[in-house]
Amino acid sequence: MIANKRPDSRLDFDPRAMGLAEPSRAFYRRPTVAVARALVGAWIARRVRGRWYGGRIVETEAYLGPGDRAAHSWGGRRTERVEPMYAEGGHLYVFLVYGMHHCANVVTRAAGVPEAVLLRAAEGPAGAPARLMAGPGKLCAALGITVADSGRDLAGEGPIRIFARRSRRPDIGISARIGVDYAGEAKDWPLRFYDRGSAAVSRLVR
DNA sequence: CACATGATCGCCT
DNA sequence: GGCGATCATGTGG
């Protein structure tokens, strides 16, 4: 069992002072691509001992379920690991890749529809290293998110939450997803969304 | 800057 | 038994 890790103290921030609000459940139940786009500019945060730690999401990828060869739920796979993807939108799905890195996903749509949005990169509050969360594994490491958090409800009162962006819309770039060359035709689908103005995007792929 | 490689282990076949 | 929704480091140009 992997112990709960602690977030990087440099990610300390105050969502309330920033006027950030949490989206309703309906936000997450929308089509996955819409959620993936809306999450660019939103904040992912974790509360530990009364303090909030987090960052502004700058890169996401949509994973479209049974028909998407790159998705863990491809072909309707339903194992213990993937089970959180079948939960109602607004839950968290975390898995371990390459034996050492964790990846965090925001589950979308209705219960039983196993689609999700991978959080690929975020930029921390002022003072945090620019590329501390420039990658899905680094994002989880910085926030201390592990498979122990898989299945959590982001829309409830739990320790991991999402805050919607306020107003300014990021200049969003689109590309194929990263690291899914094995996925047949799905490898070229334009399901990666990133903030063109951010220095924390994991890789520059047009 | 563009590759190439090793680390490391849970998951699925 | 093979292979990742990755990352840091090392080499060469």
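Throughout, a chain's letter reflects where its sequence line sits, starting with A, and its residues are numbered from 1. Treat the numbers as computed from the prediction; the structure is a model and nothing was measured.
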How about A:L20 and A:R166: do any of their side-chain heavy atoms sit closer than 4.5 Å?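 Result yes, sub-4.5 Å side-chain heavy-atom pair found.
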
Look only at the side chain of A:E123 and the backbone of A:S198, and say whether a donor-acceptor pair between them is shorter than 3.5 Å.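 Not a single qualifying donor-acceptor pair exists.
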
When all nucleic acid strands are considered with a 4.0 Å heavy-atom cut-off, which category describes [X]: base, sugar-phosphate, or nothing?
| X | answer |
| --- | --- |
| A:S202 | nothing |
| A:R81 | sugar-phosphate |
| A:G99 | base |

Once side-chain contact (heavy atoms from CB on, under 4.5 Å) is applied, do any residues pair with A:A186, and if so which ones, sequence neighbours excluded?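 For A:A186 the side-chain contact (heavy atoms from CB on, under 4.5 Å) partners, ignoring immediate neighbours, are A:D68, A:R69, A:R177, A:A183, A:W189.
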
Taking all heavy atoms of A:L39 and all of A:I57, pick out the closest pair and write down the distance.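 In this case the closest contact between A:L39 and A:I57 is O-CB, 3.2 Å.
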
Could you check whether [X] makes a cation-pi contact with [Y], meaning its NZ or CZ is under 6.0 Å from the centre of the six-membered ring and within 45° of the ring axis?
| X | Y | result |
| --- | --- | --- |
| A:R56 | A:W43 | no |
| A:R25 | A:Y28 | no |
| A:R192 | A:Y194 | yes |

Once you apply the 3.5 Å cut-off to both distances, tell me the Watson-Crick or G-U wobble partner of C:dA8, or none.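 The answer is B:dT5, by the H-bond criterion.
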
For atom CZ of A:R16, is the number of surrounding heavy atoms from other residues, nucleotides or ligands below 6.0 Å larger than 12?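 Counting other residues, nucleotides and ligands, CZ of A:R16 stays at 12 neighbours or fewer.
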
What is the first contacted nucleotide of DNA chain C and what is the last, in 5' to 3' order, if contact means an atom lying under 4.0 angstrom from a heavy atom of chain A?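 It runs C:dG4 to C:dA8.
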
Along DNA chain B, 5' to 3', what are the outermost nucleotides having an atom less than 4.0 Å from a heavy atom of chain A?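 Using the under 4.0 Å cut-off, the span is B:dA7 to B:dT13.
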
